[in-house]
Amino acid sequence: PFKADWLALQETAKLANAEVTIEAIPEGDYSTPVNLALDTQEDCPDVIMFQEIYGSKASLCMNGGVVSISDYPEWTPNFNAMAEKMGLVDQVNNLKLADGKRYIMPSLHESLEYSGGLILRADFLEAKGFDAPKTFDDLYEILKAYKAENPDSYPMVHYLFPYITHRMIMPAWGCPVGYWVPPYLGSIAWDYENENYYITATSDTYREYLKFMNKLADEGLLDPEASADDVWSAKLTSGAAICTYAYYDQIAGLEAASDIEGFDLDLYLPLEGPAGAYGENRGQAYRGLLFPAAAAEREDFEQVVRAIDTMFYSEEAAKIWSIGVEGVTYNMVDGEIVFVEEALNAEEGAAKYLQVNYGCGLSGFQSVWPDEYTLMKQGEEYAEIYAAAAAMNANQPYAPEPWFDDFAAEDAGILANGAMFDLVETYREQFINGDVDVNDDAVWAAYCQALNDAGLQEYLDLYNEYRNQG
């Protein structure tokens with residue numbers, strides 16, 4: 001939960017000499033007040049965080065609803081310098097819309113981070129003689145073996161929402177489908193080899209993915225219910241489940257909470273699917289903050305922008321948002337950063353301790369992600385898997401944004417958020433849980449026809465017509 005007195009928030013505001021008021025909104029409810037504020041420009045905040053621009057939002061930008069921040073490069077010297085330092089200038093420029101302007105200050109990541117994926121009970125594998133899984137068939141056999149010994153269990157459990165699992169698995173199948181799955185287009189995705197968009201939601205590969213997930217559900221290997229954080233934790237720590245798709249920094253807390261002797265969770269490299277061994281698509285310059293047009297009416301708007309630039313993109317701020325403040329969260333010992341004992345000894349691990357107690361490492365706030373600090377917090381074991389994932393190119397970059405004009409952007413938004421949205425989101429879980437039979441050709445044909453009737457081909461053609469190949 002958000003804390004207004006987080007050290008990282010207070011110290012970076014002090015760094016920028018700014019008084020900051022945060023209106024915290026739960027993630028699940030976030031889009032509604034944001035869209036309302038941008039549409040009406042009434043009761044608008046000066047800055048809106050955690051934003052991406054596509055579809056109808058791109059149209060709103062080009063029609064004056066959002067400040068074109070690229071018009072004021074002299075006001076964002078820290079952002080400019082950090083993008084240059086990380087080699088991300090071209091990626092930042094690719095965020096410009098068809099009018100040649102950029103409306104967002106994206107978060108900047110030094111690498112395509114492998115921060116989450118398959119988390120599995122390593123102690124069970126060792127006890128039963130299983131090697132680390134390399135394919136989805138390997139995972140199936142492990143889950144089946146656990147179920148045989150623990151018939152009341154659901155060996156695999158979703159963390160929070162099913163889409164978190166899907167977005168970490170689907171890239172290996174070559175079929176990202178869903179509006180919370182990168183590239184967040186619902187029914188189409190980017191072909192990295194041929195450099196164009198293609199349909200995923202009615203593809204044979206997607207159907208095979210659904211069949212695999214349905215097999216897990218049908219055999220009682222996949223928990224039919226998504227679990228809130230505490231319930232999810234309880235299922236894993238009690239042995240009701242041994243597998244999930246989640247994030248590395250959650251492992252230490254789970255291990256500390258379990259009474260099972262030898263309980264040992266590991267993050268594994270992506271499993272190989274029909275498209276290759278890929279994890280969640282990642283970006284290096286994406287999702288960030290924007291300024292509603294109403295904010296530009298302030299007489300001190302330049303000072304607002306400069307304060308945000310300092311608070312989130314300066315070298316000093318990047319360090320505070322990453323690891324906190326010397327003397328509070330770490331000390332310098334012989335020229336080296338050493339975290340305080342409370343962080344080093346925290347059951348949940350240093351990274352999660354710093355995040356929960358001090359606001360360090362929060363994706364909704366931290367806007368610069370240097371590898372040095374990320375690896376420092378997570379430890380040597382994570383550094384090894386981080387390097388191994390990088391060596392195998394485990395995370396493909398986000399798809400390039402099409403250069404829609406405002407009319408095309410509006411059309412794309414209408415298509416994406418209409419019947420296609422409901423069909424894709426509803427049918428996916430129904431197919432997996434067996435409420436609708438994915439193996440029935442007539443049922444599948446009707447689903448595909450419904451998507452086509454909702455404008456799927458038109459949606460694809462629109463994206464390919466305006467695609468931006470960088």
Side-chain angles (χ1 to χ4, degrees), residues 2 4-24 34 37-38 41 43-53 60-61 64-97 99-110 284-325 359-370 373:
F2 170 77
D5 62 349
W6 269 326
L7 176 74
L9 182 60
Q10 295 298 318
E11 290 298 315
T12 53
K14 193 182 302 180
L15 188 69
N17 194 28
E19 291 185 13
V20 178
T21 301
I22 305 290
E23 182 181 357
V34 166
L38 291 175
Q41 298 293 314
D43 299 321
C44 234
D46 297 317
V47 183
I48 298 178
M49 310 290 291
F50 211 59
Q51 291 296 290
E52 291 177 284
I53 294 175
L60 187 147
C61 287
V66 176
V67 173
S68 169
I69 195 61
S70 62
D71 288 346
Y72 307 100
E74 68 278 10
W75 296 358
T76 60
N78 293 296
F79 172 83
N80 304 339
M82 195 61 73
E84 180 75 35
K85 178 182 178 181
M86 289 187 166
L88 299 177
V89 172
D90 288 344
Q91 292 194 42
V92 169
N93 287 335
N94 284 342
L95 297 174
K96 292 178 180 178
L97 301 183
D99 58 3
K101 297 178 182 292
R102 174 173 51 80
Y103 294 84
I104 192 170
M105 292 178 72
S107 58
L108 303 174
H109 299 250
E110 190 171 349
Q284 289 181 262
Y286 71 102
R287 194 186 294 130
L289 56 88
L290 55 77
F291 300 90
E297 298 175 6
R298 290 181 54 142
E299 292 183 1
D300 62 347
F301 181 58
E302 177 180 347
Q303 284 68 43
V304 171
V305 174
R306 287 184 179 277
I308 292 297
D309 178 61
T310 299
M311 187 173 173
F312 292 101
Y313 295 97
S314 65
E315 291 276 1
E316 300 94 327
K319 190 172 186 178
I320 293 171
W321 281 114
S322 296
I323 61 173
V325 174
C360 304
L362 289 167
S363 59
F365 287 92
Q366 184 170 338
S367 297
V368 177
W369 298 80
Y373 299 137

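Computed from heavy atoms alone, side chains included, the values below leave out hydrogens, waters and symmetry copies.
Side-chain contact between M311 and V20 is present, with heavy atoms from C-beta onward closer than 4.5 Å. In this structure, W321 and V368 have side chains that are not in contact, with every pair of non-hydrogen atoms separated by 4.5 Å or more. At least one side-chain heavy atom of I308 sits less than 4.5 Å from a side-chain heavy atom of F291. Within the 4.5 Å cutoff, side-chain heavy atoms of H109 are placed close to those of Y286. Side-chain contact check for S363 versus F50: some heavy-atom pair is nearer than 4.5 Å. Counting heavy atoms from C-beta on, the side chains of M49 and I22 never come closer than 4.5 Å.
When each of I48, V34, V66 is paired with P292, the side chain to side chain contact (heavy atoms under 4.5 Å, CB included) condition holds for I48 and for no other.
Within the model, atoms CZ of F312 and CE of M82 stand 13.5 Å from one another, a figure rounded to the nearest 0.5 Å. From R306, atom CZ reaches atom OG1 of T76 across 8.5 Å, with rounding to the nearest 0.5 Å. For the atom pair CD1 (I104) and CD1 (I53), the distance works out to 4.5 Å, reported to the nearest 0.5 Å.
Heavy-atom minimum distance, E74 versus P77: O-CD, 3.7 Å. Contact record, T12 with I320: CG2-CG2, 3.8 Å, taken as the closest heavy-atom pair. Looking at every heavy atom in both residues, A295 comes nearest to D46 through CB-O, 3.5 Å. Taking every heavy atom of both residues into account, A18 and A307 meet most closely at CB-CB, 4.2 Å. In terms of heavy atoms, A4 sits closest to L9 at O-CD2, 3.8 Å. Of all non-hydrogen atoms in V67 and Y103, the two that sit nearest each other are O-CD2, 3.5 Å.
Identified under the side chain to side chain donor-acceptor pair (under 3.5 Å) test for residues 310-320, with sequence neighbours left out: K85-E315.
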Report the C-alpha distance between S322 and Q366 in whole Å, list the side-chain angles of each, state the deciding distance to 0.1 Å, and finish with yes or no for side-chain hydrogen bond (donor to acceptor under 3.5 Å, both in side chains).
CA-CA 7 Å; S322 296; Q366 184 170 338; 3.1 Å; yes
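Judged by distance alone, with hydrogens and angles left aside, the side-chain atoms of R298 form no donor-acceptor pair with the main-chain N or O of D300 at under 3.5 Å. Side-chain atoms of S107 come within 3.5 Å of backbone N or O of R287 as a donor-acceptor pair. A donor-acceptor pair under 3.5 Å links the side-chain atoms of Q284 to the main chain of E110, judged by distance alone.
Environment of CG in N17: sparse, with no more than 12 heavy atoms of neighbouring residues, nucleotides or ligands closer than 6.0 Å. For E84, the CD atom is loosely surrounded, since the number of other residues' heavy atoms within 6.0 Å does not exceed 12.
Ring geometry, Y72 versus F301: the interplanar angle exceeds 60°, so the pair is classed perpendicular (tilted spans 30 to 60°). Between W6 and F365, the ring planes lie perpendicular to each other; the angle is over 60°, past the 30° to 60° tilted range.
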